[in-house]
**Student:** 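Below is one structure. I have some questions about it.
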Amino acid sequence: MPYVAPSTIDEACDFLRSNPGSRVFAGATDILPQSKAGRRLPEFLVDLKRIPRLTGLNVDDKLWRIGASTPAAHLTRDSRLSGEFPGLVEAAGLIGSDQIQTRASLGGNLCNASPAADTGPSLVVNEFSAVIASPEGERTVPVTAITTGPGQTSLTNDEFIVEFLADRPAAGTSDAYQRFTPRTEMDIAVVGAGARVSVGPTGEVTNADLVLGAVAPTTVPIVGISDALVGRSLDEPGLERAADLAKEQIEPISDKRGTRDFRIHIAGVLTKRVLRTAAERAGAES
Amino acid sequence: MKTHVTCSVNGDPVEFLVDDSQTLLSALRDELKLTGVKEGCGTGDCGACSVLLNGELTCSCLVFAPEVQNSQVVTVEGLADPDNLHPLQAAFLEGAALQCGICTPGFLVAAKALLDRNPTPNEKEVRYAIAGNLCRCTGYDKIVRSILDVAADLASESETVGE
Ligand SMILES: Cc1cc2nc3c(=O)[nH]c(=O)nc-3n(C[C@H](O)[C@H](O)[C@H](O)COP(=O)(O)OP(=O)(O)OC[C@H]3O[C@@H](n4cnc5c(N)ncnc54)[C@H](O)[C@@H]3O)c2cc1C
Ligand code: FES
Ligand code: FES
């Protein structure tokens, strides 16, 4: 299982094209435990971390760029990113322990394609797109086009994510992420919830989006959240309506972490909490 | 395939030959005979294998050995100087923060990573910083107290220096 560490995107693409048994990786915090559990390591391991564009954070007037292999710890330490996407940074800061966060990447979290992956709901709710490198060149797709089911993505073996892009949030817009786990640390989400809320000058909601994780094979954007909340201050009937919408639109399974009914109940609770937090951050009256 | 790795371990330049699928944990223990670093789970859950990789707290069981080419690695063996234990080691002994001891190297390295970044942590920060380290013997309390003792000493030292 030879290890290679290309230093440019072109070099990586060339290698992947001529060695079909290859697999890219960043933090290895998913692939190494999986290989311990019996899954075979690929024929070639392609380390993406030596490619500069994949391991940095960049912001200009309009756009954030987050290198796909940037460790979560670099996200949580960046005060500007935490200011503009507090929810995404919250999600990154929930991945495992400090030891894991110095290695775990957004690209790995998304492409490992666990339904419970913590950064999925925040990437989707903030409308991040992903720049994908392939031997044919680069293309940009919404992150929702990447995960197709548990452990499955739409990328072919010679493709990888270079970076994630999102518009800088407008004034009066903020996000939040919350999850439920039986233990406070080092546990996997039973339900995860990412919200983004915009408020107007008088504190009324002008837009609201909600995406849930761990309640279906891939993340679930809940339809109708804006309609339930827009034009109102954050009152209990509006939040109740949002929670009902969430509970109606998910298809969770029962497993050792929680039953279907419990997940549906928790989805409702988290919906209200996470929308309230995002709205307060955006400047709504609490 | 084998890779010839050149890096620095505990400040010393070292070279070793590893199989590409070997982990850093295995390279440290089996090639360099640095057996302070322990294997508990091998899957990132217990923290017994914690090292500093380029200053960052990392599970060496989740790093492929060839990745550390030209990098700096610090293990528990790098904490003490030839004459003195590291203050954290002394505090763990004084505070009886270990029993069987298999978790201790990992806790010491995690605690060092915390104090390097935040010399004055509160109890909550200490508990979060060692959340990736498991101990089946002590019940954690003595570990937390010992780390807080060192932090308190650091704080009073820097006050004295400041005067
Ligand atoms: C102890 C422990 C606790 C954990 N806790 C959590 C948790 O609380 N929440 C959570 O969500 N996850 C958790 N995880 C899982 C894991 O840490 C995350 O999913 C992490 O984000 C994976 O990133 P990585 O860079 O380490 O992935 P890697 O293991 O390097 O890669 C994972 C997968 O993604 C692919 N991949 C990686 N980068 C790219 C890219 N740029 N383009 C295309 N494909 C790519 C790889 O081929 C592989 O299939 C935990 C893991 C451990 C060991
Ligand atoms: S041996 Fe590495 S975390 Fe347990
Ligand atoms: S002292 Fe035995 S596991 Fe911690």
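Order of the sequence lines sets the chain letters (A, B, ...), proteins ahead of strands, with each chain counted from 1. Since the model is a prediction, treat every value here as computed from it, not as a measurement.
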**Student:** Can you pull the salt bridge (Lys or Arg N to Asp or Glu O under 4.0 Å) pairs that have at least one residue in residues 83-112 of chain B, sequence neighbours excluded?
**Tutor:** B:Lys112-B:Asp116
**Student:** Looking only at heavy atoms, which two atoms of A:Pro2 and B:Met1 are closest? And how far apart?
**Tutor:** CB-SD, 3.6 Å
**Student:** Quick one: which of B:Leu57, B:Thr58, B:Asp19 has the most heavy-atom pairs under 4.5 Å with chain A, could you say?
**Tutor:** B:Leu57
**Student:** Hey, could you give me the OG1/CG distance between A:Thr102 and B:Leu53, rounded to the nearest 0.5 Å?
**Tutor:** 7.5 Å
**Student:** Run the side chain to side chain contact (heavy atoms under 4.5 Å, CB included) check on B:Val63 and A:Arg103 step by step: do they pass?
**Tutor:** CA-CA 9 Å; B:Val63 175; A:Arg103 303 265 299 169; 3.7 Å; yes
**Student:** B:Glu56 vs A:His74, test: side chain to side chain contact (heavy atoms under 4.5 Å, CB included). Steps then yes/no.
**Tutor:** CA-CA 11 Å; B:Glu56 300 274 17; A:His74 292 194; 3.7 Å; yes
**Student:** Verify the neighbour count for atom CZ of A:Arg273: are there more than 12 heavy atoms of other residues, nucleotides or ligands below 6.0 Å?
**Tutor:** no
**Student:** Can you name the nearest heavy-atom pair linking A:Tyr3 to B:Asp20, along with the distance?
**Tutor:** N-OD2, 2.6 Å
**Student:** Please classify the contact between A:Arg77 and chain B as side chain, backbone, both or neither, with a heavy-atom cut-off of under 4.5 Å.
**Tutor:** side chain
**Student:** Check side-chain contact (heavy atoms from CB on, under 4.5 Å) between A:Asn109 and all other residues, then give those that pass, not counting sequence neighbours.
**Tutor:** A:Ile95, A:Ala117, A:Thr119
**Student:** Measure the spacing between CD1 of A:Ile100 and CG of B:Leu62 and express it to the nearest 0.5 Å.
**Tutor:** 5.0 Å
**Student:** Stepwise, does the side chain to side chain contact (heavy atoms under 4.5 Å, CB included) test hold for B:Thr43 with A:Leu32?
**Tutor:** CA-CA 7 Å; B:Thr43 53; A:Leu32 259 169; over 6 Å; no
**Student:** So which heavy atom on A:Arg50 is nearest to which on B:Ser71, and how close?
**Tutor:** NH2-OG, 4.2 Å
**Student:** Which residues, numbered in order, of residues 128-135 of chain B come under 4.5 angstrom of chain A by heavy-atom distance?
**Tutor:** B:Tyr128, B:Ala129, B:Ala131, B:Gly132, B:Asn133
**Student:** Measure distances from B:Arg127 to the heavy atoms of chain A and classify the residue's part below 4.5 Å as side chain, backbone, both or neither.
**Tutor:** neither
**Student:** Do A:Gln99 and B:Ser50 meet the criterion of a side-chain donor-acceptor pair at a distance under 3.5 Å?
**Tutor:** yes
**Student:** Counting only heavy atoms closer than 4.5 Å, note whether B:Ala113 contacts chain A via side chain, backbone, both or neither.
**Tutor:** neither
**Student:** Would you mind checking if A:Lys49 and B:Glu67 are paired as a salt bridge, meaning a charged N to carboxylate O distance below 4.0 Å?
**Tutor:** yes
**Student:** Can you name the closest pair of heavy atoms from A:Leu41 and B:Ser21 and give their distance?
**Tutor:** CD1-CB, 4.2 Å
**Student:** A:Arg40: which residues meet the salt bridge (Lys or Arg N to Asp or Glu O under 4.0 Å) condition with it, sequence neighbours left out?
**Tutor:** none
**Student:** Under a 4.5 Å heavy-atom cut-off, does chain B meet the side chain of A:Asp47, its backbone, both or neither?
**Tutor:** side chain
